[in-house]
Structure formats: structure tokens, C-alpha cells
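To start, the structure under review is shown below, and the notes come after it.
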Amino acid sequence: MSNYYIKNLEEYFQIYRKSVREPENFWEEIAEEHFVWRKRWTNVMRWDFSKPEVAWFENAKLNITENCIDRHLHIRGDKTAILFEPNDPAEKAQHISYNQLHERVCKMANVLKEKGVEKGDRVCIYLPMIPELAISVLACARIGAIHSVVFAGFSSLALATRINDCDCKMVITSDGSYRGTKTIDLKGIVDQSLETCPGIKSVLVVKRTGASIVMEKGRDQWLQPLLDKASSKNKAEIMDAEDPLFILYTSGSTGKPKGMVHSSAGYMVFTAYTFKNIFNYQEDDVYWCTADIGWITGHSYIVYGPLANGATTVMFEGIPTYPDHGRFWEVVEKHKVTQFYTAPTAIRALAKENLSFVDKYDLSSLKVLGTVGEPINEEAWHWYNNNIGKNKSPIVDTWWQTETGGIMISPIPFVTPTTPTFATLPFIGVQLALMDERGQELMGKQVEGRLCIKYPWPSMARTIWGDHKRYYDTYFSAFENMYFTGDGAKRDAVGYYRITGRVDDVIIVSGHNLGTAPIEDAINEHPAVAESAIVGFPHDVKGNALYGFVILKEIGESRKPENLRKEINQQITEHIGPIAKLDKIQFVPGLPKTRSGKIMRRILRKIASKETDNLGDISTLLNPEVVKAIIKDAL
Ligand code: PRX
């Protein structure tokens with residue numbers, strides 16, 4: 001069909017081959033054709049994974065907001081850029097046109113400047129899914145400030161860690177947020193955080209719920225009166241291609257969260273190009289990604305990728321189950337959504353409900369469906385395909401990471417034949433490798449190994465904020481000259497990739513990346529806890545749920561287990577947030593350890609998954625007897 005950018009599989013392979021054989025020519029053409037630059041690059045790319053150092057479009061000058069907003073004004077100024085659908089269906093949706101978005105971003109940029117925010121400063125954004133979130137992100141980018149969005153479900157301690165790690169100067173938040181029937185006191189959480197964040201000079205507060213909050217004099221101000229006074233003209237700051245655009249934290253398998261730093265030009269080029277091709281976005285389409293802008297999916301595929309293409313992008317404040325399980329489909333019908341991009345966990349949760357929640361609505365506008373964040377199981381894939389896509393909308397199962405900035409493995413809709421549970425083929429320009437444990441690349445088809453990427457792509461993270469060594473150690477030290485993803489994958493007989501899951505200590509729960517270490521640290525701070533180990537186990541809605549094995553100190557032994565369990569989860573909620581709560585907590589006399597003292601999580605994973613028939617050789621453990629005791633009381 002004529003309006004597909006990549007028309008058939010042959011053309012995909014042709015473009016792919018070019019992108020791999022001549023990556024510089026390939027990306028240069030894309031950059032020239034699709035974007036506006038203040039100054040052209042002098043060199044398309046430079047790389048050295050041993051450092052690691054990567055630069056794209058060197059010495060080019062640009063502002064990403066001119067690409068996402070200004071250049072659309074004369075051709076589609078009145079087109080809806082952001083379509084805001086509130087939590088409560090009774091509240092009216094807002095259609096924010098490109099002209100209005102321009103005005104609102106410029107005003108916000110001027111407010112930030114007036115408050116002393118300068119190019120290179122870090123601004124923490126802790127907001128619900130309301131238009132001001134996208135506007136704040138874009139306003140930071142407009143003045144060259146580095147935004148650090150923290151998902152508004154994180155606790156005050158987690159927020160404080162993230163504010164302090166990158167030395168933010170300002171927080172933008174709201175009086176509260178809506179979640180179904182509940183309201184959450186966001187400002188109260190910020191106030192608590194700021195007790196330990198001396199670097200924060202100002203807090204701007206969006207009025208959303210109207211809850212009564214405390215405003216600290218000299219520090220906190222309502223945003224609206226400042227916007228009312230601000231000029232709607234703002235000249236975008238001219239940025240270098242490699243200037244950091246944002247920091248986004250992701251959990252690691254050890255220690256504190258990693259502030260992944262993304263660049264300006266490479267990130268823009270790759271997110272825009274992937275968006276257009278993977279969702280096959282056409283001018284009158286209404287695209288909806290249900291993620292939160294607090295995660296990378298929202299950064300790349302609610303804000304930057306869609307807006308760089310002049311798209312209409314839906315921002316949804318609510319949850320899939322309020323006022324009932326038909327909410328997603330109601331919104332699809334109401335706004336005639338054409339592309340719908342969500343997480344397998346949401347699909348699994350909705351698939352449990354009666355089909356009448358789906359059948360009530362006209363979903364005929366849908367053209368392309370997508371999934372992201374975790375492997376999708378076959379059953380959920382078929383439910384999505386049959387009931388939402390009516391067997392006519394291709395499902396793009398997109399594999400990527402906070403670190404990759406954009407989609408790396410995905411079908412091209414209407415082009416790549418899909419197979420349930422397979423993310424299929426590498427996206428254009430992406431060079432994958434599967435490695436065995438000895439560091440050899442597995443060649444050919446039908447192999448399984450550790451998923452690596454052997455050549456830079458424009459939107460890869462450039463470093464971890466303040467810790468370049470950790471960036472190297474985490475991603476580039478396992479295999480020489482390769483970026484190691486932390487995932488395992490299979491390549492089948494036709495060359496399709498299927499992600500098998502994490503091979504490190506990161507657990508994906510409901511599509512959220514959770515490191516075991518920070519959760520264990522939180523548990524271990526409980527006065528009754530001596531030691532703990534967390535593993536994932538299969539869960540029919542969340543994909544994985546968390547199982548904690550906890551050794552108590554003597555003071556814990558005398559207390560009621562139910563109370564302790566509650567307190568431990570409370571402790572986790574305070575340190576990280578409710579997303580990291582444990583589904584099961586087993587009190588154990590000891591943890592299986594190697595002779596060097598390392599916890600054997602492999603064994604704990606098997607116990608948690610009730611697969612204790614074949615535990616392998618446990619005789620080399622320091623304390624093999626403990627395994628029996630744990631199995632006996634397993635939950
Ligand atoms: O394990 C993979 C899983 O999510 C991890 C990345 O998580 P995060 O940085 O939070 O980014 C999520 C949104 C891009 C990956 O290492 N993952 C992501 N997408 C898929 C997936 N696993 C299987 N299939 C996917 N489509």
C-alpha cells in the first residue's frame with residue numbers, strides 16, 4: 001500500500017543492509033531529510049566502546065523543541081499536538097494544538113528562566129500525567145536545562161535520592177494527583193523529600209486536585225500566576241548535538257539507581273525515525289501510548305518521537321480499571337485512536353475481565369497495536385490480537401530499554417509477519433549479537449545467548465550521571481566491544497528474536513524494572529531483619545511478582561509474622577514506592593550461599609517458582625541443609 005514508509009520485507013532488508021554497511025551515510029540522510037538544524041554536523045559519528053565514548057552528529061547545533069513544535073506551526077499549527085484525557089471521564093478532554101503547545105512551552109520556558117534556571121541546570125519533574133508534565137519537559141529542553149522526570153509513584157526517599165544524585169535546582173510538582181477514585185498528596189511527598197535536599201531552591205506547583213497543601217515561603221510558588229505574567233515569546237537555546245537532553249533513572253542490579261544520560265541530536269533522530277516506521281504514523285492518525293512520562297516509553301513515544309513527527313499524541317491521566325475495565329476501549333472509541341501502545345501487564349489484567357467491556361466499544365479506528373516493557377505471553381498476545389485488533393491490526397512487540405532510548409527490535413507493521421512472543425527483527429541500524437558465556441558470538445540460526453549490540457545507534461545513553469566508570473562496568477565490560485543489554489534472547493530458524501528475560505538481578509514486575517539490591521537494602525533496614533534476598537516468580541497479571549526470603553534477628557522471632565510482613569512492605573513503600581512491594585515473604589533460617597558467600601539466587605528462584613524437582617548440584621554450597629528447610633516452608 002502506498003502510504004507505508006517501508007513497503008515490504010524486501011525493502012526492509014534492503015534498507016537494513018544499507019544501514020549496517022554504511023551507517024554514517026544512512027543516518028546522515030535521515031538527519032538531513034527529516035529535521036531542522038541550526039548548524040550542520042562536521043562528523044556523523046565517532047565511537048570507542050572501550051571507554052565507552054559515542055558521539056553522533058558532532059558539532060551540529062539544534063534545539064529539539066524547534067523540531068517538535070516550531071517547525072510544525074506553519075503547516076499544522078491548529079492540529080492537535082497533545083490530546084489530554086483526564087482521569088475522570090466526566091471531565092472534558094483537552095485538545096492542545098501545536099500553536100497552543102508552542103505558547104505554553106514558551107511561557108513555561110520563560111518562567112524557568114526567570115526563576116534562575118540556566119542551560120545545563122537539572123530540573124526535577126514530579127508530576128502526574130497532566131499536560132504540564134509534557135510542557136515542563138519541553139520547556140526544560142527549550143532553555144537547555146536537563147530534565148529529570150521522576151515517576152510520581154515513587155516514594156519521598158526515592159525522590160530525594162534522585163534529586164540529590166544529579167543536584168537538581170528546582171522541582172516542578174502538583175498539589176496532588178488522581179488515580180481512579182483516590183487522590184495522592186504529591187506535594188506532601190515532595191515536602192518530605194526536600195528535608196534532605198539542600199540544593200533545591202524553588203518548587204513550582206501546578207494546581208490539579210485543589211487539595212489543601214503547605215507552601216513554604218521563599219521556596220514554593222503556584223505555577224499559574226507565574227505563567228499568566230510570562231511572555232509567550234521565547235527564543236530556543238541553541239544546543240550542541242551532544243549536550244545532555246535529560247537524565248532518567250533506572251534501577252540497577254546493585255546499589256543506587258543509575259541516572260542514564262541521553263543526548264539531544266542522536267536521541268531526536270532515532271526516536272522520531274522509529275516512531276514513524278514502527279507505528280506507521282500518518283498525518284490524521286491519533287496515536288496513544290498508555291505509559292507514564294515518568295518512564296522512558298513516555299519520554300520517547302509520548303513526547304519526543306510523536307511530536308517530532310507532528311503527530312497527535314494522547315496523554316492519559318487515568319488507570320485502565322476506572323471507572324471500569326472498559327476505560328481503555330472507551331477512550332479508543334471516543335478519540336478514534338489509530339495506534340495503541342501498551343504493556344503486556346495491562347493486557348493480561350484486562351483479559352481476565354468479561355469481554356463485554358471490550359465489545360461495548362467501536363474499535364474499528366485501530367490500525368496498529370503495540371506492546372512494550374516485558375515479554376508478552378502467547379495467551380495475552382492472542383487475546384489482544386483477536387479482541388482488540390480483530391485479527392487485522394498487526395501487533396508490534398517492541399523490545400528496548402531506558403538505556404537504548406528508542407526501539408531496537410520490532411516488527412514493521414504490515415511488513416514483518418508477526419509471531420506471538422517474538423519481537424522479530426532488529427530495527428534499521430541496529431546490529432545485534434548473541435553471546436555465549438565464554439564471550440564467543442553465537443552465529444547462525446536457532447541459538448540462545450546473551451543479547452548484545454555491537455555497533456552504536458544514535459539514541460544510546462551516553463553515560464551514567466556522575467559515574468562513567470559504572471556505565472562502562474555495567475554495559476561494556478562483560479563482552480569486548482559490545483553493549484550488553486542484561487537480557488537473554490533466542491534467535492529462531494528465520495532469524496527472529498525472542499527475549500527470554502533478564503539474566504542479571506533486575507526483575508521486571510508489571511513492566512517496571514526493579515533491581516533486587518535496593519529492595520533488599522530497604523528490607524534490611526527494618527530493625528528485626530538480619531538479611532534478605534529477593535527473587536521473581538511467575539504471576540499471571542504482573543508477569544513477575546516478588547518473593548522475599550528474610551532472615552530475622554532474634555528480636556523478630558518473637559513477633560507475629562503477619563505484622564512483620566506488613567511492616568516490611570511498608571518499609572519498601574517508603575524507600576521505593578508501592579510498585580516494589582513483595583507478594584510473598586518467607587521467613588527463613590538461612591540463605592543458600594556459595595563458599596565465597598554469594599547468595600545462590602538460582603536456587604531461590606526455583607523454590608519461588610515451585611520448581612524444586614531439579615535444583616542441580618547443591619552439595620558445593622556453604623550450607624546445603626538450609627535448602628531443605630526453605631523448601632519445607634515455601635509459600
Ligand atoms: O528485560 C527487557 C524488558 O524491559 C527491560 C528494559 O526495561 P526499562 O529500561 O524499564 O524499559 C522498558 C521500556 C522500554 C529490558 O531489558 N523488555 C522491554 N521490552 C520488552 C522487554 N522484554 C521482552 N519483550 C519486550 N518487548
Side-chain angles (χ1 to χ4, degrees), residues 149-151 153-154 246-253 257-262 267 270-271 274-275 278 289-302 304-305 341-348 369-378 380-381 384 395-411 416 418-427 430 432 450-453 457 459-461 464 474-475 478 483-490 496-516 536 542-544 577 579-580:
V149 181
V150 177
F151 171 60
F154 275 118
F246 65 85
I247 301 168
L248 185 62
Y249 286 87
T250 185
S251 345
S253 47
K258 298 171 291 195
M260 304 312 306
V261 180
H262 279 283
Y267 175 81
F270 195 75
T271 54
T274 46
F275 173 77
I278 293 172
C289 164
T290 69
D292 191 291
I293 295 177
W295 310 111
I296 191 69
T297 308
H299 281 61
S300 303
Y301 299 110
I302 295 179
Y304 289 115
Y341 190 32
T342 196
T345 186
I347 299 168
R348 286 190 296 264
L369 303 177
T371 67
V372 60
E374 56 184 318
I376 180 161
N377 51 308
E378 212 157 331
W381 192 96
Y384 198 31
I395 298 176
V396 291
D397 175 350
T398 63
W399 175 88
W400 58 296
Q401 308 179 298
T402 305
E403 296 84 340
T404 69
I407 297 169
M408 304 296 278
I409 309 181
S410 171
T416 318
T418 55
T419 306
T421 78
F422 283 79
T424 75
L425 297 170
F427 186 71
V430 175
L432 304 174
R450 292 166 183 236
L451 181 64
C452 291
I453 303 163
W457 62 101
S459 68
M460 64 190 292
I464 292 176
T474 312
Y475 304 103
Y483 166 86
F484 173 44
T485 63
D487 282 337
K490 283 182 183 167
Y496 278 11
Y497 286 83
R498 176 190 186 161
I499 309 302
T500 51
R502 301 291 306 190
V503 294
D504 58 9
D505 291 335
V506 170
I507 306 171
I508 314 271
V509 178
S510 299
H512 301 313
N513 221 339
L514 299 172
T516 50
K542 301 181 193 180
N544 291 300
I579 49 172

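Start at 1 and go down the list; that is how both ligands and their atoms are numbered. Scope of the values below: all heavy atoms of this structure, side chains included, with no hydrogens, waters or symmetry mates.
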Pairs under 3.5 Å, N/O atoms on ligand 1 and on the protein: can you put them in a table with the distances?
unit_1   : atom_1 : unit_2 : atom_2 : d
ligand 1 : 1 (O)  : D487   : OD1    : 2.8
ligand 1 : 1 (O)  : D487   : OD2    : 3.1
ligand 1 : 4 (O)  : G373   : O      : 3.2
ligand 1 : 7 (O)  : N513   : ND2    : 3.1
ligand 1 : 9 (O)  : T402   : N      : 2.8
ligand 1 : 9 (O)  : T402   : OG1    : 2.6
ligand 1 : 9 (O)  : N513   : ND2    : 3.3
ligand 1 : 10 (O) : N513   : ND2    : 3.4
ligand 1 : 16 (O) : Q401   : NE2    : 2.9
ligand 1 : 16 (O) : D487   : OD1    : 3.3
ligand 1 : 16 (O) : D487   : OD2    : 2.7
ligand 1 : 16 (O) : R502   : NH1    : 2.8
ligand 1 : 17 (N) : G373   : O      : 3.3
ligand 1 : 19 (N) : G373   : N      : 3.1
ligand 1 : 22 (N) : P375   : N      : 3.4
ligand 1 : 24 (N) : E374   : O      : 3.3
ligand 1 : 26 (N) : D397   : OD1    : 2.7
ligand 1 : 26 (N) : T398   : O      : 2.7

Aromatic ring pairing Y304/Y267, orientation class (parallel under 30°, perpendicular over 60°, tilted between): perpendicular

Salt bridge flag under 4.0 Å for residues R348 and E374: yes

Parallel, tilted or perpendicular, as decided by the 30° and 60° cut-offs, for the rings of Y483 and Y475: parallel

Separation between OG1 of T250 and CD1 of I296, rounded to the nearest 0.5 Å: 9.0 Å

Parallel, tilted or perpendicular: ring planes of Y301 versus W400, cut at 30 and 60 degrees: perpendicular

Working for ring-ring contact (aromatic ring centres under 6.0 Å, His included), residues F422 and Y497: CA-CA 6 Å; F422 283 79; Y497 286 83; 9.4 Å; no

